[in-house]
Amino acid sequence: MIYYPQVLADLVTNALAAAQAAGELPTFVLPDITVQPSQKAGQGDYNTNAAMLLSKVAQQPPRQVAEIILKHLTRPEYLQEAVVAGAGFINFTLNPNALKALVETIIAEGSDTLCSLTIGAGKRAQVEFVSANPSGPITIGHARNAVTGDTMARLLEAAGYDVQREYYFNNAGNQMVLLGKSLQARYLQALGLDVAFPEDGYRGDYISEYAQKLVEERGDTLKDADWQPFKEYAEAQMFAWIKRTLERVNIRHDQFFNENSLFESGAVWDTLKAMEANGYIYRAKEWEGASAEEHAKAADLQPATWFRTTRFGDEKDRVMVKGDGVPTYTLPDIAYHRNKIERGFDLMVNVLGADHGQQYKVVAWGIQALGLPADNIHVIIIQMVKTMRDGKEFKISKRAGIFDTLDDLIDMVGADAIRFHMLGRSANTHLTFDVDEVVKQSNDNPVYYIQNAHVRCASILRSAQERGICDEGADLTLLGADELTFIRKVLELQDIIALAVNQYEPHRIAFYAKELAATFHPIYDRVRAMGDGVPEDVGKARLRFYRAAQVAFQRVLGLMGMSAPERM
RNA sequence: GCCCCCGUAGCUCAGCGGAUAGAGCGUUGCCCUCCGGAGGCAAAGGCACAGGUUCGAUUCCUGUCGGGGGUACCA
C-alpha cells in the first residue's frame with residue numbers, strides 16, 4: 001500500500017529543490033522532511049511543519065516559505081488539495097475517491113500483510129526474549145517479557161524484516177544443580193527413603209510430580225545416582241513445559257541458544273583474550289580504584305579478573321572471572337552478544353527485566369571493548385509486573401514454590417486477554433496485573449471491545465451471504481464520510497508500525513487497536529449495509545467496506561498475537 | 001551513595017517539539033421498529049513545581065518535591 005507520509009514528504013523535498021533551482025529560496029542542505037497524519041478535522045489528512053523548520057535558513061517567514069513550497073509542488077491525482085494553514089503548516093487533503101478505492105487494496109493485501117512496510121526489507125533482525133532458565137515454569141512475571149518480545153518480532157516482520165526469535169538459557173549454573181538435587185531428594189523420598197531436602201531447594205509441587213513420574217519410568221534404578229541425571233530429567237521436563245506454555249499464548253522461538261555452548265567452543269575465553277588484547281582486562285584482588293580500606297578487606301581473596309568498565313564511565317570496574325576461576329555470567333553474556341554480531345544480524349533486540357538494567361550496560365561496554373559496533377543492539381527494559389489478587393499484592397518466589405504460573409492464568413482469563421493486557425502499558429513503566437480485573441469479562445474489557453468489532457464484520461458478511469448478496473464489483477465512490485474516517489484510520493497503521501519499530505515500543509499497537517475499534521463501532525451503528533431501504537448498490541459498497549474492515553481487525557489482532565473470533 | 005523509571009481527569013492510562021491535551025472506568029442524562037447492546041449519543045472533570053532551549057514545550061535540558069525499581073567475586 002502506498003505510504004502517504006513518505007510520498008508526500010518526497011513531493012515537498014522535490015518542491016524545495018525546485019524552488020532553490022528557481023532562486024526563490026537560498027541554497028541550503030535539504031533536511032529530512034516529515035509528514036504526519038492530521039489529528040483533527042479541518043486540517044486535511046496529512047500535514048507537514050517543514051516550512052516552519054526551514055524559516056530560519058530560508059530567511060523568510062514560515063507562511064511565505066510554505067507558499068513557495070506549494071508553488072513548486074507537483075499535484076498527483078491522489079492529492080486533492082494542499083494549503084497553508086496556521087503558523088505555517090501545509091495541510092494535504094487526499095482525493096476522497098482515491099481513499100475509497102483503498103478498500104480494494106486493503107482486501108487484496110489481506111490480513112497477513114496489510115500495511116506492511118519496507119523499512120526492514122532485505123534485513124535480518126533478531127529478537128531475544130523470555131530467556132528464563134529452565135528451573136521453573138513460566139510465571140506472570142515472564143509473561144510480560146514474552147508478550148513484549150513476540151509482539152516486537154511481529155511488528156518487525158510487518159516492517160519487512162526477516163525475524164528470528166531466540167531464547168538464551170543457562171543450564172550449567174548452581175541453580176540448575178540445586179534443581180537436580182531437589183528432584184533427587186523428592187525421588188528418594190518417593191521411594192520411601194528418609195533423606196533431607198536441600199536447604200534453599202526448589203519446593204514447587206511440580207518437582208514432586210516429576211519425582212513420581214521418574215519412579216514410574218525408572219523404578220529405583222537411580223537410587224545410587226548422583227544429581228546429574230536428575231538435573232537432566234528436570235531440565236527436559238521443564239523445557240517441555242515452558243514451550244507448551246508459550247505455545248498457548250502464540251509464541252514460538254526459532255532458536256534455543258545454550259550458554260554452555262559458548263564454553264564448549266572456547267568462545268568465552270576467546271572473548272576475554274580479545275578484551276585483554278585491547279587493554280581492558282587485569283587481574284587483582286580488588287579493583288584498581290578501590291580505597292585502601294577496601295583493598296585491606298580483599299587481602300585474603302584470590303585475585304579475580306577485572307574489566308575496566310570505569311573507562312566507559314562506570315563507578316567501579318566489574319569482575320569477569322571470579323577468584324575461583326569461574327566466570328561471572330557477564331562474560332559469557334558478552335561472548336553471546338559477540339556471537340550474535342558475528343551471525344550477521346542487522347538488528348538485535350534484547351528484551352530484559354529491570355533487574356538486568358545495569359547488566360546490559362556492562363555487556364554493551366564489553367562489545368565496545370572488543371572493538372565491535374554496539375549500536376545495532378537495542379534493549380527493551382521491562383519494568384516489574386506487580387501481581388494483584390483479591391485486592392492484595394503477591395510476590396513470586398520460584399524456590400519457595402510460591403508463584404502464579406502463566407498456565408494457571410491462561411486457564412483463568414484466556415490467552416487473548418493476557419496478550420492484550422501485557423501490552424497495556426509502555427514497557428519501561430511499572431504494570432499492575434490485577435487478576436480479578438482481567439478475569440472480569442464485562443463491558444469495560446477492551447479485549448472484547450476490539451474482538452467484537454471483528455465479530456460484527458463477520459456477522460454482517462455472514463448475513464449477506466445467507467441472503468445471497470455479493471459485494472464484488474462494488475462502486476466504492478458510493479461510500480460516505482464515516483467509511484472514509486475508518487479508511488484513514490486503517491492507513492494510520494503504517495505509522496504505528498513504523499513508530500513501534502523505530503522506537504521499540506510494541507505497546508503502541510494495543511492502543512491503536514482500541515482506537516480502531518472506537519472508530520469502528522459508531523460507524524457500525526450508523527452505516528447499514530442491508531435492509532431499511534438501503535439502495536442495492538450502496539449496500540453493496542458498504543458490504544465491501546465491512547469486508548475491508550474485517551481484514552483490518554484480523555491484521556491488528558494478528559500483530560498482537562490474538563485471535564479474531566467469528567462469533568462471541 | 002549511584003543508576004533507571006514514573007508524576008497528565010475522582011481511578012487506570014495514551015499522547016512522534018506543533019494547531020482546541022485524548023481514551024476507558026466511575027458519576028449524571030439519554031438511545032433497542034437491531035447486519036448480535038460485549039454497542040451508541042451527550043455532560044462534568046487534567047499536564048507536580050521552578051528555571052532554560054525554541055517561532056512553538058505535556059513532550060527536550062537543569063534543578064526541587066513526591067512515588068516505584070535496581071544496584072554481588074549469584075545466575
Side-chain angles (χ1 to χ4, degrees), chain A residues 34 36 38-40 42-43 47 49 52-53 55-56 61-62 85-89 91 133 135 170 172-176 259 285-287 298 301-306 314-316 318-324 326-330 332-333 353-359 361 381 383-384 386 424-432 434 437 441-453 455-464 466-467 469 495 498-499 502-503 505 507-508 510-512 514-515 518 520-532 534 539 542-543 546 567-568:
Chain A
T34 57
Q36 54 191 343
S38 297
Q39 297 304 326
K40 295 195 169 60
Q43 295 177 1
N47 69 77
N49 60 359
M52 287 135 95
L53 294 176
S55 173
K56 193 169 274 180
F89 292 98
N91 290 343
N133 287 344
S135 59
N170 171 319
N174 294 332
Q175 294 309 317
M176 293 304 293
E259 178 194 310
K285 289 184 180 183
E286 191 40 281
W287 75 286
L301 295 177
Q302 291 298 309
T305 304
W306 298 81
D314 202 359
E315 57 185 333
K316 61 174 288 194
R318 304 285 162 176
V319 171
M320 292 293 105
V321 184
K322 293 180 283 178
D324 61 5
V326 178
T328 62
Y329 100 118
T330 312
D333 214 5
D355 47 340
H356 290 70
Q358 176 64 28
Q359 196 56 42
K361 281 191 193 167
I381 294 284
Q383 295 295 324
M384 292 297 165
K386 189 160 85 174
R425 293 212 57 176
S426 67
N428 60 8
T429 62
H430 302 272
L431 175 84
T432 301
D434 188 328
E437 194 62 34
Q441 301 194 357
S442 57
N443 306 6
D444 60 340
N445 193 327
V447 176
Y448 299 97
Y449 186 71
I450 296 162
Q451 289 182 325
N452 190 36
V455 168
R456 286 179 146 179
C457 294
S459 172
I460 293 170
L461 294 166
R462 202 162 47 232
S463 176
E466 281 163 11
R467 299 184 195 192
I469 304 172
D495 302 295
L499 215 53
N502 289 334
Q503 308 195 1
E505 293 180 334
H507 73 280
R508 286 179 183 278
F511 287 92
Y512 170 78
K514 270 194 274 191
E515 287 174 19
F520 176 83
H521 286 300
I523 293 171
Y524 166 88
D525 232 38
R526 291 190 290 261
V527 179
R528 314 191 62 77
M530 287 169 276
D532 278 2
V534 177
R542 291 177 177 174
L543 216 50
Y546 282 116
R567 299 165 194 270
M568 280 289 185

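The chains referred to below are lettered A, B, ... by the order of the sequence lines, with proteins before strands, and numbering in each begins at 1. The structure presented is a predicted model; accordingly, all values stated were derived computationally and were not measured.
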With a cut-off of less than 4.0 Å, is there a side-chain N or O of [X] near OP1 or OP2 of [N]?
X        : N     : value
A/His507 : B/G15 : yes
A/Ser426 : B/A14 : yes
A/Lys40  : B/G22 : yes
A/Arg425 : B/C13 : yes
A/Tyr449 : B/G40 : yes
A/Lys322 : B/A75 : yes
A/Tyr524 : B/G37 : yes
A/Arg318 : B/C73 : no

Using atom [atom1] in both nucleotides, what's the gap between [N] and [M] to the nearest angstrom?
N     : M     : atom1 : answer
B/G68 : B/G29 : C1'   : 40 Å
B/G51 : B/U59 : P     : 14 Å
B/C11 : B/G46 : P     : 13 Å
B/A9  : B/C49 : P     : 11 Å
B/G15 : B/G7  : P     : 9 Å
B/A57 : B/C16 : C1'   : 14 Å
B/G10 : B/C5  : P     : 27 Å
B/A43 : B/A38 : C1'   : 24 Å

Heavy-atom pair with the smallest gap, counting every atom of [X] and [Y]:
X        : Y        : value
A/Tyr449 : A/Lys514 : CE2-O, 4.1 Å
A/Ala304 : A/Gly323 : CB-N, 4.0 Å
A/Ala354 : A/Ile381 : CA-CG2, 3.9 Å
A/Asn170 : A/Met176 : O-CG, 3.8 Å
A/His507 : A/Ala427 : ND1-N, 4.5 Å

Rounding to a whole Å, what distance do you find between [X]:[atom1] and [N]:[atom2]?
X        : N     : atom1 : atom2 : result
A/Gln358 : B/C74 : CD    : C1'   : 16 Å
A/Ile523 : B/G40 : CD1   : C1'   : 12 Å
A/Trp287 : B/C73 : CH2   : P     : 12 Å
A/Glu315 : B/U71 : CD    : P     : 13 Å
A/Leu543 : B/C35 : CG    : C1'   : 9 Å
A/Met176 : B/C74 : CE    : P     : 19 Å
A/Gln451 : B/G39 : CD    : P     : 13 Å
A/Arg526 : B/C32 : CZ    : P     : 17 Å

ask   = 5'-most contact on RNA chain B: A/Gln39 or A/Lys316, nearest heavy atom basis?
value =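 Its nearest nucleotide lies further toward 5', so the answer is A/Gln39.
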query = More 5' along RNA chain B: A/Arg456 or A/Leu301, using each one's nearest nucleotide?
reply =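 Taking each residue's closest nucleotide, the earlier one in sequence belongs to A/Arg456.
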Distance (rounded to the nearest 0.5 Å) between [X] [atom1] and [Y] [atom2]:
X        : Y        : atom1 : atom2 : result
A/Gln359 : A/Thr330 : CD    : OG1   : 3.5 Å
A/Ser38  : A/Phe89  : OG    : CZ    : 9.0 Å
A/Lys40  : A/Asn91  : NZ    : CG    : 12.0 Å
A/Tyr546 : A/Ile460 : OH    : CD1   : 4.5 Å
A/Lys322 : A/Leu301 : NZ    : CG    : 12.5 Å

ask   = Hey, does the side-chain of A/Asn91 have a donor or acceptor N/O within less than 3.5 Å of a partner on the base of B/A19?
value =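 Yes, the side chain and the base share a sub-3.5 Å donor-acceptor pair.
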The side chain of [X] lies closest to which of these nucleotides: [options]?
X        : options             : value
A/Ala354 : B/G69, B/G36, B/C73 : B/G69
A/Asn47  : B/A75, B/A19, B/G39 : B/A19
A/Ser459 : B/C16, B/C41, B/G36 : B/G36
A/Lys361 : B/C3, B/A14, B/G39  : B/C3
A/Thr429 : B/C6, B/C35, B/G70  : B/C6

Using atom types as modelled and distance alone, determine if a side-chain donor or acceptor of [X] lies under 3.5 Å from a backbone N or O of [Y].
X        : Y        : answer
A/Ser135 : A/Gln175 : no
A/Asp333 : A/Tyr329 : no
A/His521 : A/Asn452 : no

At a cut-off of 3.5 Å, list every protein nitrogen or oxygen paired with a nitrogen or oxygen from nucleotides 52-62 of chain B, distance to 0.1 Å.
{"residue": "B/C55", "atom": "OP1", "partner": "A/Lys56", "partner atom": "NZ", "Å": "2.8"}

query = For A/Phe89 and B/A19, are the ring centres under 5.5 Å apart with planes inclined under 30°?
reply =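 Taking the rule of under 5.5 Å and under 30°, the ring of A/Phe89 does stack on B/A19.
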inquiry  = When you compare the ring of A/Phe511 with the six-membered ring of B/A14's base, are the centres less than 5.5 Å apart and the planes under 30° from each other?
reply    =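 The base of B/A14 is not stacked with A/Phe511 (the test needs centres under 5.5 Å and planes under 30°).
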Report the base-pairing partner of [N] (Watson-Crick or G-U wobble, both distances below 3.5 angstrom), or none.
N     : answer
B/C25 : B/G10
B/G45 : none
B/A38 : none
B/A50 : B/U62
B/C16 : none

Under 4.0 Å between any heavy atoms, over every strand shown, what does [X] touch: base, sugar-phosphate, or nothing? Just pick one.
X        : result
A/Ser55  : nothing
A/Val527 : base
A/Gln302 : base
A/Asp495 : nothing

ask   = Taking only residues two or more places apart in sequence or in another chain, which ones pass salt bridge (Lys or Arg N to Asp or Glu O under 4.0 Å) with A/Arg526?
value =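 With neighbours one apart ignored, the set is A/Asp482.
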Protein-nucleotides 29-31 of chain B N/O pairs closer than 3.5 Å?
none

